Amino acid sequence: VPRHVLQGKRILVVEDEYILASYLASTLEDVGAIVIGPVPSIEQALGVLKMESKFDAAVLDINLSGQPAFPVADALIELGTPFVFTTGYDEPALPGCYRAVARCVKPIDIRLLMRSLARMVGHEVSPGTRKGS
Amino acid sequence: MLEKCRLSTDGQGREATEADDRLRTSEERLRIALEVGHLATWDWNITTEEVSWSTEHFRMMGYKIGEITPCFESWAKRVHPEDLQATVKALEVARDTNTTYAHTYRSLHPDGSIIWLSAVGRYFYDKNLHPIRMIGVMQDVTEQRRLAEQQRVLVAELQHRTRNLMAVVQSTAESTIKSCHTLGQFKQNFRERLATLSRVQGLLSRFDQGRDVEFQELLKTELFAHAAFQEDSARVTFDGPDGVKLPSSTIQMLAMVLQELATNALKYGAMAQPGGKLAITWSLDRKTQPHRLHIDWRECGVTIPAQGAMPRGSGQGRILIERSLPYQLNAVTTYVFEADGVHCTIELPLKSQEEAGSA
């Protein structure tokens, strides 16, 4: 079996819906990724980012209990950690600085999401999200 | 109408009096029609700069009747500054192209209120095609605009909800697949979970109609979905206050939890064994902010199957209670197999979505 590109990679999962969070986490673990979290709120996500700063990528729900997850996005950009937004909205009003961030619309096509993450960690160079900062 | 105006001013003799009467009747009819239809009218004599407004027109522009002498400036003063340029432009285009003026704009009143006005009018010209007069009607469409906006919000919310629901269905399917050995088992479990979801959607739609969903209502909706709970009501006791309103964010999860508890009771617990009993009690702790709902689900008279004899799949409810509830809703939960049946407690903060967001 070929080694999955996400194997051993540290992926932060921020998602407020438990069912989705655990689905994402178990899918990532199935390919050998190390899941950090999942965590359901901005506060907890920022807490995790303060505790450990070494992540290979993150999955970030854009709407956490009705609050935009931008503080977490900003922190990730600051750290240079690439991430994917997941969203239930057709969100046209995303601030311009996040335009470069990849997006997965719910219901998530898990293969697309995994491919997105694989692309991000596959490149050792700084992420495309940097552009926005 | 212009024709009649001329008649009335030139009117002499019997013929003219009859015409006068006819005109009065017709004017009266028009006035009533305008009043009933809440239409404002204006008549603008471009040559003399004189403008006359109907009483509705004063009201729609935020003036007291007769407060000012209507003129272009008194009109322009009450058009929302952001809309003035476009509105004047629309007037000019209609004048220069001899077309109907039809334009919707906002009027900004001194008290800060904003009224949406939809105006339709036309210009009249002299022989040399110079505009001499303009007449029109105007309608207050603020309510229509509000309804249209409400509809837009509802459609967006519906889309959001549908997407989220699809996501929940997707992950429910995934987790049910993982917990089932056979296709038959999957079929049954998945069907039950889908039925729960669709009942929850029914309850959630009440929020759209401005109705609250109470805990007792949710509890009974979920339990009585199974005939056994209704037919065998002597086994089940309910004890708790009315009027415990649930924030919408808690309903779906709570319904799924109750459904799993009910299903397990039916398959292996209090509802499956002859001596089994189920007591559900709840209370609302108002000492804390937000208030906390305490739920106690106690089964007794049940012979607990030996460890390992529990069929796979029954763990789903436990995961919901022990993991999902704390994760998603900050609940404190316990789930214990006592000697004679399951005992589950849930302590749930009843935070509204807005409060949760600002916390």
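None of the values given here were measured: they were computed from a predicted structure. Quick note on labels: first sequence line is chain A, next is B, and so on, each numbered from 1.
Each of B/Arg323, B/Met166, B/Gln252, B/Met253 has some count of heavy-atom pairs under 4.5 Å with chain A, and the biggest count is that of B/Arg323.
Once rounded to the nearest 0.5 Å, the distance linking CD of B/Gln170 with OH of A/Tyr23 reads 4.5 Å. Here the CG-OH distance, from B/Leu325 to A/Tyr18, works out to 10.5 Å after rounding to the nearest 0.5 Å. With rounding to the nearest 0.5 Å, the separation of OG in A/Ser26 from NZ in B/Lys178 is 3.0 Å.
Other residues, nucleotides and ligands contribute over 12 non-hydrogen atoms within 6.0 Å of the NZ atom of B/Lys267. For B/Glu149, the CD atom counts as densely surrounded, since its 6.0 Å shell holds more than 12 non-hydrogen atoms of other residues, nucleotides or ligands.
Both the backbone and the side chain of B/Gln328 come within less than 4.5 Å of a heavy atom of chain A.
Residues that satisfy the side chain to side chain donor-acceptor pair (under 3.5 Å) test with A/Glu17, not counting sequence neighbours, are absent from this structure.
Scanning residues 31-41 of chain A against chain B with a 4.5 Å non-hydrogen threshold yields A/Pro38, A/Val39, A/Pro40, sorted by number.
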